[in-house]
Amino acid sequence: MFGLAIHGGAGTMPRTEMSAERELEYRAALAAALDAGYAVLQGGGTSLEAVTRAVVNLEDNPLFNAGRGSVFTHDGGNELDAAIMDGSSLRAGAVCGVTHIRNPIELARTVMEHSDYVMLSGTGAEEFALSRGFALVPRSYFYTPERWRQLERIRAGDTGLSALTISHIGTVGAVALDEAGHLAAATSTGGMTGKRYNRIGDSPIIGAGTYADDRSCAVSATGHGEIFIRAAVAHDICARMRFGGRPLREAVREVVFEELPALNGEGGVIAIDRQGEIAMEFNSEGMFRAARSAGQAAQISIYRT
Ligand code: ASP
């Protein structure tokens with residue numbers, strides 16, 4: 001048994017703003033990333049490699065708020081965060097506030113595999129990247145006109161649709177179970193549009209936006225990061241399974257529909273357990289998501305089905 005689930009962000013995304021053409025673009029992008037991860041698992045590869053390949057694919061696609069399509073900070077820059085975790089060893093790696101790394105998830109994995117640390121930030125993370133042979137990309141690599149327009153709307157004080165709704169949508173993540181029975185999770189994001197003061201969200205925080213433990217499940221979250229940190233979302237879901245004996249779906253639903261709303265936290269999570277059970281739940285209008293279990297067809301959805 002093996003399986004994989006991915007997300008491309010959750011939030012308020014009015015259907016009226018989603019043209020049929022745009023929806024097709026998103027579906028194709030999710031299908032491509034799912035295929036990239038699934039191919040690894042089908043070839044007998046590890047869950048760690050599968051989540052890495054799926055997330056790299058999403059980071060390279062300007063549709064998503066991660067890697068190339070990352071949102072802009074208040075100062076017009078891009079600060080990227082990512083984390084990865086190996087459920088078999090509980091090893092983890094994370095980077096935050098990087099500005100010249102094309103694929104932050106690969107750097108997070110390198111931190112996990114080739115450093116004595118779990119989390120590196122900013123210029124230090126990039127110095128480490130250089131020491132490991134990463135190429136730095138110019139800041140202009142992250143420029144996309146649509147993200148720039150979103151920043152301009154927020155700077156102009158448009159708090160209607162934008163500020164907490166469209167502004168952060170597009171964080172990406174993946175969770176996988178491999179044939180050997182091991183779990184892994186990965187999450188990557190540009191954070192919130194217009195963020196200031198080197199703000200860091202939940203995505204790179206182990207236990208908040210990302211967690212994997214073979215004794216319970218692997219989780220990647222997306223949503224209003226400040227709340228997800230306070231609710232320790234990813235670890236909470238794992239703990240409900242491990243200590244509370246909850247099945248995966250119940251653990252996920254309790255956190256997404258009870259814990260988060262109690263704090264006004266909007267968003268969702270994807271999760272997978274050792275039986276290959278997959279849960280993809282969100283309390284927002286939609287969540288870009290896709291999943292595929294061994295030998296079965298891919299499922300791709302955006303709104304509630
Ligand atoms: N959780 C991300 C953050 O707060 C944003 C998102 O998932 O939409 O940085």
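Note that ligands are numbered from 1 as they come in the structure, with each ligand's atoms numbered from 1 the same way. The figures here come from the full heavy-atom set of this structure, side chains too, leaving out hydrogens, waters and symmetry mates. Quick note: residue numbers are just sequence positions, from 1.
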Neighbouring residues of ligand 1, heavy-atom cut-off under 4.0 Å: His168, Thr171, Gly191, Arg199, Gly201, Asp202, Ser203, Thr222, Gly223, Gly225

Please determine, by modelled atom types, if [X] and [Y] share a side-chain donor-acceptor pair under 3.5 angstrom.
X	Y	answer
Glu126	His100	yes
Asp75	Thr73	no
Ser220	Thr187	yes
Gln150	Arg147	yes

side-chain hydrogen bond (donor to acceptor under 3.5 Å, both in side chains): pairs with one or both residues in residues 296-305, sequence neighbours excluded: none

Gly276 backbone acceptor or donor facing Asp273 side chain under 3.5 Å: yes

